[in-house]
Participant: 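For reference, the structure I am asking about is given below.
Along the sequence shown, residues carry numbers from 1.
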Amino acid sequence: MPGTMIGTVWHPVRIHPAEGDERRYKGRCRYYCDKYCQRRATRCGGSAHCEYYEEISQNDSTVLTVSKKPFADVKEIDMSDIIVPTHFSKPPKEKIHALRDYWVENDGQLDQPIIVSCQGDKYVLEDKYLRYYVAKELNQSKIYARCGKKGCDKEEKLFRKEGTRVKVFDKMGAITKVELEYVTVTFDDGETKRYRLITAVANKTLVLMK
């Protein structure tokens with residue numbers, strides 16, 4: 001309808017307050033954005049009894065209103081913009097040490113991007129918590145990410161192994177180098193080419209040999 005505002009609630013939504021509390025409006029909560037709680041990484045269940053409710057003033061300039069938009073391929077995002085759901089548990093020490101060693105040996109690069117979804121003005125971590133955890137340990141302010149859900153990179157994992165046989169149009173070859181965003185293919189005729197992995201898999205430039 002003309003004149004209708006779409007998106008974040010623009011008027012106070014009245015919720016019955018918890019006993020002894022002043023009246024709360026979820027639209028005034030610091031963590032509320034478009035029906036989503038950025039603090040709990042889930043849909044807002046109401047402000048009346050929420051332990052994380054934190055009211056903001058209309059003049060609070062720290063509150064962000066610009067929603068994150070899904071992006072294609074791999075993009076570097078701010079660690080501070082990522083919400084980590086509580087269901088993730090600390091990775092095994094051996095995996096943490098192995099990834100830290102990889103980071104040192106590869107000039108400060110992780111082996112894979114994390115996977116996030118967009119919720120309000122934040123990103124929610126969906127998969128690859130180990131990479132996030134190590135980046136956090138290393139005090140990184142940014143990390144490479146891609147949009148999607150858990151398991152969305154299932155096919156790409158097959159291309160992230162050196163020696164994997166592939167076909168590019170009518171040429172046969174093998175993966176000889178794997179990077180964060182790229183893979184290098186050495187063809188049977190000796191030619192070598194580098195491909196942006198997610199794009200090449202999506203448009204079927206790279207095909208697994210059966």
Side-chain angles (χ1 to χ4, degrees), residues 1 4-18 24-91 99 110-157 180-181 197-199 201-202:
M1 295 176 60
T4 301
M5 295 183 70
I6 301 174
T8 304
V9 174
W10 58 274
H11 62 279
V13 176
R14 183 166 295 180
I15 304 292
H16 293 294
R24 295 176 172 187
Y25 300 108
K26 63 182 180 181
R28 293 179 185 167
C29 179
R30 177 179 301 278
Y31 303 113
Y32 180 81
C33 184
D34 195 18
K35 301 181 181 180
Y36 186 80
C37 176
Q38 298 176 4
R39 178 65 175 78
R40 296 174 60 243
T42 186
R43 288 180 66 86
C44 175
S47 59
H49 303 286
C50 181
E51 62 180 306
Y52 299 116
Y53 179 83
E54 184 179 338
E55 191 161 316
I56 57 175
S57 69
Q58 293 182 350
N59 297 322
D60 191 336
S61 61
T62 64
V63 180
L64 300 178
T65 57
V66 179
S67 295
K68 301 295 186 187
K69 295 182 179 179
F71 51 89
D73 221 315
V74 175
K75 174 183 176 181
E76 197 173 31
I77 64 174
D78 291 331
M79 293 282 287
S80 59
D81 282 345
I82 302 171
I83 299 171
V84 181
T86 57
H87 63 75
F88 287 109
S89 56
K90 184 177 179 179
L99 189 56
L110 297 177
D111 62 336
Q112 296 181 44
I114 61 171
I115 297 175
V116 299
S117 60
C118 301
Q119 295 285 359
D121 62 352
K122 296 289 184 180
Y123 297 110
V124 177
L125 184 66
E126 298 286 348
D127 202 2
K128 303 294 183 284
Y129 177 63
L130 171 63
R131 278 78 189 174
Y132 173 89
Y133 185 92
V134 171
K136 196 79 171 177
E137 271 200 338
L138 295 168
N139 297 315
Q140 299 299 293
S141 61
K142 294 181 179 292
I143 190 170
Y144 282 95
R146 62 165 298 185
C147 285
K149 295 292 183 180
K150 185 174 181 179
C152 70
D153 62 337
K154 183 177 180 180
E155 185 177 10
E156 293 160 26
K157 286 182 179 180
L180 179 69
E181 300 178 70
L197 180 57
I198 295 176
T199 303
V201 172

Participant: Less than 4.5 Å apart, side chain to side chain, heavy atoms only: is that true for Val84 and Lys136?
Facilitator: no

Participant: Got a second to check how far Ile82's CD1 is from Ile143's CD1, nearest 0.5 Å?
Facilitator: 5.5 Å

Participant: One pair to check against side chain to side chain contact (heavy atoms under 4.5 Å, CB included): Ile83 and Gln119. What are the steps and the verdict?
Facilitator: CA-CA 9 Å; Ile83 299 171; Gln119 295 285 359; 5.8 Å; no

Participant: Does Pro113 reach the side chain of Arg131, with side-chain heavy atoms less than 4.5 Å apart?
Facilitator: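 When only atoms from C-beta onward are counted, Arg131 and Pro113 do not touch, as no gap falls below 4.5 Å.
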
Participant: Do you know which two heavy atoms are closest between Leu125 and Asp127, and how far apart they sit?
Facilitator: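 So the minimum-distance heavy-atom pair works out to CD1-O, 3.4 Å.
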
Participant: Can you label the angle between the Phe88 ring and the Tyr129 ring as parallel, tilted or perpendicular, going by 30° and 60°?
Facilitator: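 Because their plane-to-plane angle is under 30°, the rings of Phe88 and Tyr129 count as parallel.
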
Participant: Assess the residue pair Gln140 and Val134 against the criterion (side chain to side chain contact (heavy atoms under 4.5 Å, CB included)); give the C-alpha distance rounded to whole Å, side-chain angles, the decisive distance to 0.1 Å, and a yes or no.
Facilitator: CA-CA 9 Å; Gln140 299 299 293; Val134 171; over 6 Å; no

Participant: What is the distance from atom CG of Leu99 to atom CG of Asp111, rounded to the nearest 0.5 Å?
Facilitator: 5.5 Å

Participant: Closest heavy-atom contact between Leu110 and Leu180?
Facilitator: O-CD1, 3.3 Å

Participant: Check whether any side-chain heavy atom of Ile115 sits under 4.5 Å from a side-chain heavy atom of Lys150, and report yes or no.
Facilitator: no

Participant: When you compare the side chain of Cys118 with that of Cys147, does any pair of heavy atoms fall below 4.5 Å?
Facilitator: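 Counting from C-beta outward, Cys147 and Cys118 do come under 4.5 Å.
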
Participant: Among all residues two or more places apart in sequence or in another chain, which pass the side-chain hydrogen bond (donor to acceptor under 3.5 Å, both in side chains) test with Asp78?
Facilitator: Lys142

Participant: In terms of side-chain geometry, is the basic nitrogen of Asp153 or Arg146 positioned less than 4.0 Å from the acidic oxygen of its partner?
Facilitator: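 Result for this pair is no, no salt bridge flagged.
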
